[in-house]
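So the structure is just underneath, and the comments pick up after that.
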Amino acid sequence: MKTINDFNFENKKALIRVDFNVPLNDKFEVTDTTRIVSAKPTIIKILEDGGSCILMSHLGRPKGVQDEFSLGHIVETVKDILGVEVIFVKACVGETAEAAAAKLEPGQILLLENLRFHAEETAGDIAFAEQLSKLGDIYVNDAFGTAHRAHASTTIVAQFFEGKKCFGTLLAQEIESIKKVLETGEKPVLAILGGAKVSSKITIIENILDAVDHLIIGGGMAFTFVKAQGGKIGNSICEDDKMELALDILKQAEAKNVKVHIPIDTIAADAFSNDANTQTVDINVIPDGWEGVDAGPKSRAQFHEVVMQCKTILWNGPLGVFEMESFAGGTIELGNSIAEATKNGAFSLVGGGDSVAAVKQFGFDDKVSYVSTGGGAMLESLEGKTLPGIAAILK
Ligand code: AMP
C-alpha cells in the first residue's frame with residue numbers, strides 16, 4: 001500500500017483529491033472544519049518535501065455551475081487552517097486551470113473550482129479525468145468520504161498515474177483502522193451496532209460475524225430481534241419483514257461462536273417526544289402504547305462489562321434516540337465505557353453516520369482511538385466491499 005511517505009515530492013506537483021465538502025451557513029461560512037483539518041497532514045508533508053499541492057474537491061450537489069457551491073467560499077478558511085496562502089482558480093480543467101497549475105512554485109497551494117460543476121465528474125468520464133491528470137505529477141487520494149464512488153477525480157484519474165499514485169495520510173489511517181477491526185485487531189474484538197434499522201446494517205452484520213468475538217445489537221434495531229424471539233415490544237420501531245433474518249443472524253452467530261448481546265431492558269416512552277412520560281421495563285414486556293427509546297440501566301451495565309473485556313471495538317449507531325436529551329443517556333454511557341476501555345489500551349473505531357454525530361456532540365471524539373470521516377464509505381468498507389477509490393490506487 002503506497003502512501004505519501006513512499007514519495008519525495010521535491011519539485012513535484014501533487015494532484016490531491018481532498019474531501020472539502022464542508023457544511024456552509026447562509027453567509028457561506030464553514031460551520032464544521034473537520035474535513036479541512038483532516039487533510040492538513042498530507043498537504044504539509046508535501047510542502048515540506050519541497051513540492052506544491054493542487055487541491056481538488058466537490059462541494060454539495062450543484063446542477064451545473066452555481067455560485068453558491070463555489071469552493072471560492074472556503075478559500076480563507078483553508079488558508080487559516082493550513083497557515084499557508086491558497087491560490088484559487090475558478091476552473092478545474094481546461095486552459096485556465098492548466099495555466100494556474102503550470103505557474104505553481106514549490107511551497108504553493110492551488111485550490112481548483114468545484115469538480116461537480118462538470119457532470120463528467122460523477123459520471124466517471126475518462127476524458128475529463130485525463131484533463132485533470134494533466135495538472136499534476138503525482139496523484140494523491142486523501143478523500144475517504146468519496147472513496148466509495150467511481151468518480152473521475154476519486155477513481156478514474158488514477159489510471160493516468162501509473163507508479164505515481166498513493167494514499168494520503170487520512171485515507172491510509174482510515175484503511176488501517178478498518179483493517180484493525182476486520183483483520184488484525186487484538187482479540188477479543190467487539191462490534192456495537194445500533195441505530196434505527198436492521199435493514200441498513202444486515203450486510204455489515206453478516207460480514208463482521210467472521211471478524212468479531214462479541215456483537216452488541218442496540219438502538220431501534222434491537223426490537224426486531226426481541227420481537228422475533230417472541231417478546232412484546234409495544235409500539236417500538238420494528239421491521240416485521242426482517243424478523244426471520246434476525247433469527248438467521250443469531251443462528252449464524254452461534255455457529256461462528258460470536259456472542260450476541262441484546263438489551264435486557266429499555267426506557268419506554270408514551271410518545272416520541274423529549275418530554276414524554278417514561279418507565280423502565282424489561283425489553284420483552286413493553287406495554288402497548290409505549291415504545292423503547294433508550295437502553296435501560298441493566299442493559300447499560302451489561303454493555304459496560306462487555307466493552308471492558310474487549311481489546312478492539314467498533315461502534316456504529318446510537319443506543320437510543322440520542323437527538324432527544326431525555327433519551328441520550330444510554331448512548332452517553334456507552335461512549336464513557338468505550339472511552340474507559342480505550343484509556344486501558346483498547347483500540348476503538350467509531351464510524352458511519354449518526355454515531356460520529358453522537359461522539360462529537362457528547363465530546364468523546366478525542367477519547368476514542370479513531371473517528372472515521374466517511375459515512376457511506378465506512379459502511380461499505382464494513383460490508384466487506386473494496387472501495388473503487390482504494391482499488392484504483394492499489395492497481
Ligand atoms: P442509523 O442511521 O441507522 O445509525 O440510525 C440512527 C438513528 O437511530 C438516530 O436518529 C436515532 O434517533 C435512531 N434510534 C436509535 N434508537 C432508536 C429507538 N429505540 N427508536 C427509534 N429510533 C431510534
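Whatever order the structure lists ligands and atoms in, that order sets their numbers, starting from 1. The first residue in the sequence is number 1, and the count goes up from there.
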| remark: For Thr280 and Pro297, the nearest pair of non-hydrogen atoms, with its separation, is CG2-CD, 3.6 Å
| message | Can you give me the closest heavy-atom contact between Ile313 and Ala346, atom names plus distance? | response | CD1-CB, 4.2 Å
| query | For atom 14 (N) of ligand 1, which candidate among Ala358, Gly320, Gly219 holds the nearest heavy atom? | reply | Gly320
Below 3.5 Å, N or O to N or O, backbone or side chain included: is there any such pair between [X] and ligand 1?
| X | value |
| --- | --- |
| Glu323 | yes |
| Phe322 | no |
| Asn316 | no |
| Pro318 | no |

Check each heavy atom of [X] against ligand 1 and say whether those closer than 4.0 Å belong to the side chain, the backbone, both or neither.
| X | value |
| --- | --- |
| Met221 | neither |
| Val293 | backbone |
| Glu291 | neither |

How far is [atom] from its nearest protein heavy atom, and which residue and atom name does that atom have?
| atom | value |
| --- | --- |
| atom 23 (C) of ligand 1 | Val321 CG2, 3.7 Å |
| atom 5 (O) of ligand 1 | Ala196 N, 3.0 Å |
| atom 4 (O) of ligand 1 | Lys201 NZ, 3.1 Å |
| atom 2 (O) of ligand 1 | Asp354 OD2, 3.5 Å |

| task | Would you mind reporting whether Phe364 and Ile332 have side-chain heavy atoms less than 4.5 Å apart? | result | yes
| said: Side chains of Phe7 and Ile138, heavy atoms from C-beta outward: is any pair under 4.5 Å? | reply: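 Contact flag for Phe7/Ile138 side chains = yes.
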Counting each atom of ligand 1 from 1 as listed, which ones have a heavy atom of [X] under 4.0 Å away?
| X | value |
| --- | --- |
| Gly292 | 18 (C), 19 (N), 20 (N) |
| Ile237 | 20 (N), 21 (C) |
| Phe223 | 19 (N) |
| Gly220 | 15 (C), 16 (N), 17 (C), 18 (C), 19 (N) |

| query | Do you reckon Leu209 sits in the same ILVMFWY cluster as Ile217, going by side-chain contacts under 4.5 Å, direct or chained? | reply |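 Per the 4.5 Å side-chain linkage, Leu209 and Ile217 are co-clustered.
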| task | Test salt bridge (Lys or Arg N to Asp or Glu O under 4.0 Å) on Lys259 and Asp213 and set out the steps. | result | CA-CA 6 Å; Lys259 184 112 186 51; Asp213 305 292; over 6 Å; no
| query | So, for Phe128 and His118, is the gap between ring centers shorter than 6.0 Å? | reply |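 Yes; His118 has its ring centre under 6.0 Å from that of Phe128.
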| query | Thinking salt bridges, do Glu76 and Lys79 make one under a 4.0 Å N-O criterion? | reply | yes
| Distance-only polar pair, side chains of Thr31 and Asn25, donor-acceptor under 3.5 Å |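 Absent: no donor and acceptor within the cut-off.
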| query | Of the options Arg17, Arg149, Arg116, which is the one that meets Glu121 in a salt bridge (Lys or Arg N to Asp or Glu O under 4.0 Å)? | reply |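 Per the salt bridge (Lys or Arg N to Asp or Glu O under 4.0 Å) rule, the option paired with Glu121 is Arg17, out of Arg17, Arg149, Arg116.
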